[in-house]
Amino acid sequence: MDRENPHVFIRDYAISLDAQDPLFHIRKEFCIPSKSQLKAGSFPEAESQSRDPSLPEDLSVYLCGNSLGAQPRVVSERLQQHLTTWSTQGVFGHFKPLSDSPLPTWLDADTKASESIAPIVGAQPSEVAIMETLTANLHLLMCSFYKPDINGRHKIILESKAFPSDHFVVESQLLHHGLDPSTSMVSISSPSPSNPILTTDHILAVLDQHAKDTALLVLPGIQFYTGQFLDIPTITAHAHSHGIFVIWDLAHAVGNVPLQLHDWNVDAAVWCSYKYLNSGPGTIGGLFVHSRNAEEPSTPPNRLSGWWGSSKNTRFAMDNKFSPIQGASGFQLSNPSILDITALNASLEMFVKAGGMAPIRTKSLKITKYLEDLLVHSGSYQSRLFTIITPLDPNQRGAQLSLRLKEGLLDAVMHELVEQGVIVDERQPDVVRVAPAPLYNSFEDVWRFVDAFDQALNIAVVAKEGRLKAGESEEMKITS
């Protein structure tokens, strides 16, 4: 984008970018809340509110896919088809395929999901299992692959700003093994208090320092707070050179950035499906186990087992003889929620319509750079009311920019954004996370956000200085 051309900063230019966007047609496949729906105080009111197509300004700006993705319209259709199958087929739904149904049998629903996820994470289908939740899967993988020896390798390395659940898992696993987290848990912190980015060189240096007694490395593919995309292949290879097993948390990476887990020789990984995969709040998670780590004897000693990890051919024989499925599916425990998997399989249809991760990444790079350019051009950036803490190198980030505000502005800014129907994520005390999801966000969304954000910052500054009286924010918006 030519920053010297003032035309690129006006709304019409954003609209022209949408007209050229090969993925723009997919936006209509998603439910984007309207402003009136967001203001509803009761379920009947929310249900009755529908966006008037003649009032495009009533559509909210939803840039919160890094927290919860928007709902694909096909999800409700597929869920209703599942409920119809259940109501008309009962227990036969497990095994009986229905012609002209888009749904697999319940016995095969997780297999279909694994086959659909595999190209998104760059894996063989047999290396992927759709099961449990991210945190549960992280525990299960650590039960299988973390075998500490207090006289040898016992340390687990993670980042100091890890998502709390990852930290809790690591700490509780250490305690479960009778180890002291103060001596067996190593946290990687940024060398600079003012810059939260973890450089690859710094991570590798920490691995070198603790190589002899480290058993496991747990890192995020994309850091949730900063939006930094870590160098997964380089870090994995370096850890392997020291004999360290690596598990990646891909919560913010799956469906967001291109992944090649098999080719990168990643040991194992976990993810959720409700962010960039758009399958709904709290829906089923997934895990990856590289084929070289999943080839075990018929009675594997290194994993917890359950009947859904046993061969489909003998699963219902009830003979209490565990015959593990080869690959990641052998790590499954219980039969998965078909409601969850139906929603996930439906949401994955959008990735097929988009043509896979390559065109999604192409748009992601373009729309995130557009967001960056508009922000840097804004008056509030020039006034140093915020900084961008996400790496400016496009190859080191996904579809997210994290903005650190001047002290004391966050609450007022978020209030004003919500009032204007702009939905983004906040992280106390001073960070706003903005995620332009390529499947359903438009360049016009980005323009509207930056315009509203600039206004909100100006209002917050005036309010902080005590110069804004109650009820005056609307007037200021008009005149700012």
Side-chain angles (χ1 to χ4, degrees), residues 26-34 37-38 40 43 46-47 49-51 59-60 62-86 93 102-104 106 109-117 120-121 128-138 163 165 222 224 249-256 270-287 332 334-354 357 360 398-400 423-425 433 435-441:
I26 295 180
R27 175 179 169 87
K28 70 179 184 297
E29 304 285 349
F30 286 82
C31 300
I32 309 295
S34 68
Q37 287 171 333
L38 292 172
F43 181 81
E47 191 176 32
Q49 296 287 352
S50 60
R51 184 172 67 88
L59 189 63
S60 72
Y62 192 87
L63 295 166
C64 207
N66 57 343
S67 184
L68 178 66
Q71 181 190 128
R73 295 184 183 278
V74 72
V75 167
S76 61
E77 179 183 352
R78 296 290 181 260
L79 287 175
Q80 186 55 58
Q81 289 165 339
H82 162 65
L83 294 175
T84 298
T85 302
W86 178 20
L103 307 180
W106 303 338
D110 55 319
T111 301
K112 179 179 179 181
S114 294
E115 292 170 348
S116 298
I117 285 278
I120 294 175
V121 299
V128 175
I130 303 305
M131 55 183 280
E132 308 296 335
T133 60
L134 186 154
T135 299
N137 287 334
L138 184 53
F163 193 79
S165 194
I222 288 184
F224 81 98
D249 176 345
L250 303 178
H252 289 81
V254 66
N256 181 6
V270 294
W271 59 84
C272 56
S273 62
Y274 49 81
K275 299 181 186 297
Y276 294 96
L277 293 183
N278 312 303
S279 66
T283 44
I284 198 162
L287 62 77
Q332 295 178 105
S334 300
N335 49 321
S337 165
I338 300 301
L339 280 169
D340 276 26
I341 289 191
T342 299
L344 174 59
N345 279 329
S347 68
L348 294 177
E349 293 179 33
M350 297 300 99
F351 287 81
V352 176
K353 284 193 173 185
M357 285 303 302
I360 291 173
Q400 175 183 322
I423 308 303
V424 291
D425 181 74
R433 302 188 307 161
L439 283 175
Y440 54 82
N441 282 129

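Excluded from the calculations below are hydrogen atoms, water molecules and symmetry mates; all remaining heavy atoms, backbone and side chain alike, are included.
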(request) Mind listing the closest non-hydrogen atom pair of Ile338 and Ala109 along with its distance? (result) CD1-CB, 4.0 Å
(request) Taking Glu132 for its side chain and Leu138 for its backbone only, find out whether a donor-acceptor pair lies under 3.5 Å. (result) no
(request) Mind checking the OG1-CG spacing from Thr342 to Leu83? Nearest 0.5 Å is all I need. (result) 8.5 Å
(request) Identify the heavy atoms of Cys31 and Ala70 that sit nearest to each other, and give their distance. (result) O-CB, 3.8 Å
(request) Measure up the His252 and Phe163 rings against each other and bin them: parallel (under 30°), tilted (30 to 60°), perpendicular (over 60°). (result) tilted
(message) I'd like to know if the side chain of Asp110 reaches the main chain of Ile341, judged simply by a donor and an acceptor atom lying under 3.5 Å from each other, with no hydrogens or angles considered.
(response) no
(request) To the nearest 0.5 angstrom, please state how far the OG1 atom of Thr111 sits from the CD1 atom of Ile130. (result) 10.0 Å
(message) Quick check for you: to the nearest 0.5 Å, what is the distance between Gln400 atom CD and Tyr276 atom OH?
(response) 5.0 Å
(request) Any chance you could measure Gln332, atom CD, to Leu287, atom CG, to the nearest 0.5 Å? (result) 8.0 Å
(request) Mind checking ring-ring contact (aromatic ring centres under 6.0 Å, His included) for Tyr274 and listing every partner two or more places apart, or none if nothing turns up? (result) none
(request) Spell out, as yes or no, whether a donor-acceptor pair under 3.5 Å connects the side chain of Arg78 to the backbone of Leu103. (result) no
(request) Hey, could you give me the CG/CD1 distance between Asn256 and Ile222, rounded to the nearest 0.5 Å? (result) 4.0 Å
(request) Check Leu79 against Ala343 and note the closest heavy-atom contact, atom names and distance. (result) CD2-N, 4.2 Å
(message) The criterion is side chain to side chain donor-acceptor pair (under 3.5 Å); which residues satisfy it with Ser334, sequence neighbours excluded?
(response) none
(message) Using the ring-ring contact (aromatic ring centres under 6.0 Å, His included) criterion, which residues pair with Phe351? Sequence neighbours excluded.
(response) none
(request) Give a yes or no answer on whether the side chain of Ser279 reaches the backbone of Ser273 with a donor-acceptor pair at less than 3.5 Å. (result) yes
(request) Answer yes or no: is there a donor N or O on one side and an acceptor on the other, between the side chain of Asn66 and the main chain of Lys275, under 3.5 Å? (result) no
(message) Would you compute the distance between atom CG of Leu250 and atom CG of Leu277 and round it to the nearest 0.5 angstrom?
(response) 10.5 Å
(message) Quick check: closest heavy atoms across Ala46 and Gln37, and the distance to 0.1 Å?
(response) O-CG, 4.1 Å
(request) Could you tell me which non-hydrogen atom of Met350 sits nearest to which non-hydrogen atom of Val74, and how far apart they are? (result) CE-CG1, 4.1 Å
(request) May I ask you to test the Trp106-His82 pair for a side-chain heavy-atom distance under 4.5 Å? (result) yes
(message) Out of the candidates Leu38, Ile423, Leu59, only one should pair with Pro33 under the side chain to side chain contact (heavy atoms under 4.5 Å, CB included) rule; please name it.
(response) Leu38
(request) Could you tell me which non-hydrogen atom of Pro102 sits nearest to which non-hydrogen atom of Lys112, and how far apart they are? (result) O-NZ, 3.2 Å
(message) With a 4.5 Å cut-off on side-chain heavy atoms, are Trp86 and Leu339 touching?
(response) no
(request) Answer yes or no: is there a donor N or O on one side and an acceptor on the other, between the side chain of Arg27 and the main chain of Ile32, under 3.5 Å? (result) no
